[in-house]
Amino acid sequence: MSSAARRRPYGVKGAPYAFLAPATLLFLLFFALPIGYAVYLSFRKVHVSGLGLGKNARSEVWAGLENYTDALSDSELVNGALRVLGYGCIVVPVMLGLALLFALMLDSDKVRLAPFTRLAIFLPYAIPGVVAALLWGFLYLPDVSPFYFVLDRLGLPQPDLLDGGPLYLALSNIAVWGGTGFNMIVIYTSLQAIPAEVYEAAKLDGATPLQIALRIKIPMVAPSLVLTFFFSIIATLQVFNEPTTIKPLTNSVSTTWSPLMKVYQDAFGKGDIHAAAAQAVIIALATLLLSFGFLRAANRRRRQEAAR
């Protein structure tokens, strides 16, 4: 046997690792390394000697859990989390409810112009979040909004959507408008995968379209509903674009309205990257725990239903 033939098995065995190497390298450089560096910064702080003047007046020292305890006791971060919780209670059910409704309507046999309607519902998702927030922000301003002009001509009250409680509805509307189309496509794709024989059997048994939707379609797309709910929770916890873009238009949105805005303000406004890193780690862990808990509960319920 030649030397080339003897070396061939080793080359074949190493081929998968060679294909995985670029993706692994990119993962380490642009995902694992930044996370590790953020965790490292979260355990450090800047120690100032004297008046903070001079070459060695500022030095980075070990802080332990000090940044984490300060973050957990920070009222601005806690209030931001509560605001996001209220925001999510509006966005997630409304967005997923509309996505499911549109998907069921598009899956109906009687629907017309389905490709155009599907594209029209999905199109807002293709618009960048900052552009969408600016668009709706100007529509909310009484001085430039055509809606306020029409209300004024009709003699109807003109609510201020950028102040107080209506602010939550205004911000939620931007998220719902932009995210419903994506979730609708996910659910609609699952509906298209259901065999037509299932519908035919239900119709032979005398089931109405409403009964088919409630008893067949929705239960069979439950995994897609879980997936879209999971993505929606993560997107809600990471809300940043909408309040940041709306902030210059109103005084009701502070620089720490959401937890991520608080992280941004501490890192780039105050220059305290160590406190910002600790807050970012806490937000990431909270997102991971909530996501893991939700998926575990969904899997447990699915196993219980399968065992019946």
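When reading the values below, keep in mind they use all heavy atoms of this one structure, side chains included, and skip hydrogens, waters and symmetry mates. When a residue number appears, it is its place in the shown sequence, counting from 1.
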Worksheet entry | Any residue meeting salt bridge (Lys or Arg N to Asp or Glu O under 4.0 Å) with Lys45, in chain and number order, not counting sequence neighbours | Glu66
Practice prompt. Hey, could you give me the CD1/OG1 distance between Ile174 and Thr245, rounded to the nearest 0.5 Å?
Written response: 8.0 Å
Worksheet item: Among the clusters formed by ILVMFWY side chains lying less than 4.5 Å apart, do Leu98 and Tyr125 turn up in the same one?
Response: yes
Worksheet item: Is the backbone of Gly179 close enough, under 3.5 Å, to the side chain of Asn183 for a donor and an acceptor to pair up by distance?
Response: yes
Worksheet item: Are Asp163 and Ser252 linked by a side-chain donor-acceptor pair shorter than 3.5 Å?
Response: yes
Item to complete: Walk me through it: do Glu76 and Gln265 pass the test side-chain contact (heavy atoms from CB on, under 4.5 Å)?
Response: CA-CA 11 Å; Glu76 290 185 344; Gln265 176 65 18; over 6 Å; no
Item to complete: Start with the C-alpha gap between Leu237 and Ile233, add the side-chain angles, then the distance that decides, and say whether side-chain contact (heavy atoms from CB on, under 4.5 Å) holds.
Response: CA-CA 6 Å; Leu237 293 175; Ile233 290 178; 4.1 Å; yes
Worksheet item: So, for Leu96 and Ser232, which heavy atoms are closest and what is the spacing to 0.1 Å?
Response: CD2-OG, 3.7 Å
Worksheet item: Would you say Lys262 and Pro259 make side-chain contact, with heavy atoms under 4.5 Å?
Response: no
Worksheet entry | Heavy-atom side-chain proximity of Leu225 to Ile218 below 4.5 angstrom | yes
Worksheet item: Any donor and acceptor pair, going by atom type alone, linking the side chain of Ser190 with main-chain N or O of Ser224 inside 3.5 Å?
Response: no
Worksheet, complete the sentence: Nearest heavy-atom contact between Ile127 and Ala132 is CG2-N, 4.0 Å
Worksheet item: How are the rings of Tyr40 and Tyr37 set to each other: parallel, tilted or perpendicular (split at 30° and 60°)?
Response: parallel
Fill in: Whether Tyr148 side chain and Pro159 backbone form a donor-acceptor pair below 3.5 Å
yes
Practice prompt. Work out which heavy atom in Met184 is nearest to a heavy atom in Phe102; give both atom names and the distance.
Written response: CG-CB, 3.7 Å
Worksheet item: Is a side-chain donor or acceptor of Asn79 paired with a backbone partner of Ser75 at a separation under 3.5 angstrom?
Response: yes
Discussion item. Nearest 0.5 Å, please: how far is CZ in Phe116 from CD1 in Ile121?
Written reply: 10.0 Å
Worksheet item: Between the side chain of Thr244 and the main-chain N/O of Asn241, is any donor-acceptor distance below 3.5 Å?
Response: no
Worksheet item: Shortest non-hydrogen contact from Arg83 to Thr256?
Response: NH2-O, 3.0 Å
Worksheet item: More than 12 non-hydrogen atoms from neighbouring residues, nucleotides or ligands closer than 6.0 Å to OH on Tyr68, yes or no?
Response: yes
Item to complete: State yes or no: do Phe138 and Val150 share one hydrophobic cluster built from I, L, V, M, F, W and Y residues joined by side-chain heavy-atom distances below 4.5 Å, directly or via other members?
Response: no
Worksheet item: Are Phe43 and Leu41 linked, directly or through other ILVMFWY residues, by side chains that come within less than 4.5 angstrom of each other?
Response: no
Practice prompt. Any chance you could measure Met95, atom CE, to Ile90, atom CD1, to the nearest 0.5 Å?
Written response: 12.5 Å
Worksheet entry | Beyond-backbone contact of Thr180 with Pro124, side-chain heavy atoms, under 4.5 angstrom | no
Item to complete: Starting at CD1 of Ile246, measure out to CG of Leu167 and round the result to the nearest 0.5 Å.
Response: 8.5 Å
Worksheet item: Is Ile187 reachable from Phe182 through a run of I, L, V, M, F, W or Y residues, each pair having side-chain heavy atoms under 4.5 Å apart?
Response: no
Fill in: Note, Phe268 side chain near Val263 side chain (heavy atom, < 4.5 Å)
no
Worksheet entry | Flag, side chain of Asp205 to backbone of Ala207, donor-acceptor distance under 3.5 Å | no
Worksheet item: Looking at side-chain heavy atoms only, is the closest gap between Ile216 and Gln211 below 4.5 Å?
Response: no
Practice prompt. May I ask you to check whether over 12 heavy atoms, not counting those of Asn251, lie within 6.0 Å of atom CG?
Written response: no
Worksheet item: Got Pro128 and Val131 here, is their nearest side-chain heavy-atom distance under 4.5 Å?
Response: yes
Discussion item. Within the 4.5 Å heavy-atom criterion, are Asp107 and Tyr199 side-chain neighbours or not?
Written reply: yes
Item to complete: Side-chain contact test, heavy atoms from C-beta onward, threshold under 4.5 Å: evaluate it for Met261 versus Val253 and give yes or no.
Response: yes
Worksheet item: Which class fits the ring pair Phe229 and Phe294: parallel under 30°, tilted 30 to 60°, perpendicular over 60°?
Response: tilted
Item to complete: Give a yes or no answer on whether the side chain of Ser145 reaches the backbone of Tyr140 with a donor-acceptor pair at less than 3.5 Å.
Response: no
Worksheet item: Do you know the tightest heavy-atom contact between Ala170 and Leu161?
Response: CB-O, 3.4 Å
Give every donor-acceptor pair under 3.5 Å between a side-chain atom in residues 277-291 and any protein atom, sequence neighbours left out.
| from | atom 1 | to | atom 2 | distance (Å) |
| --- | --- | --- | --- | --- |
| Gln279 | NE2 | Asp266 | OD2 | 2.8 |
| Thr287 | OG1 | Ile283 | O | 2.8 |
| Ser291 | OG | Thr287 | O | 2.7 |

Worksheet item: With the 4.5 Å side-chain cut-off for hydrophobic clustering, are Leu77 and Val84 part of the same group?
Response: no
Item to complete: Could you list the residues that satisfy ring pair (Phe, Tyr, Trp, His ring centres under 6.0 Å) with Tyr168, not counting sequence neighbours?
Response: Trp257
Worksheet entry | Rounded distance (nearest 0.5 Å) linking atom CG of Leu100 with atom CE of Met105 | 11.5 Å
Worksheet entry | Shortest non-hydrogen contact from Pro34 toward Leu29 | CD-O, 3.4 Å
Discussion item. Checking Lys217 against Leu104 for the side-chain contact (heavy atoms from CB on, under 4.5 Å) test, could you report, in this order, the C-alpha distance in whole Å, the side-chain angles of both residues, the deciding distance, and whether it holds?
Written reply: CA-CA 8 Å; Lys217 292 184 177 182; Leu104 291 173; 3.8 Å; yes
Discussion item. I need the Arg118 CZ to Leu123 CG distance, nearest 0.5 Å.
Written reply: 13.5 Å
Worksheet item: For Phe240, does the CZ atom sit with more than 12 other heavy atoms under 6.0 Å from it, leaving out its own atoms?
Response: yes
Worksheet item: When you measure from the side chain of Asp70 to the backbone N and O of Ala275, does any donor-acceptor pair fall under 3.5 Å?
Response: no
Discussion item. Between Tyr264 and Leu260, is the side-chain contact (heavy atoms from CB on, under 4.5 Å) condition met? List the steps.
Written reply: CA-CA 6 Å; Tyr264 181 87; Leu260 282 188; over 6 Å; no
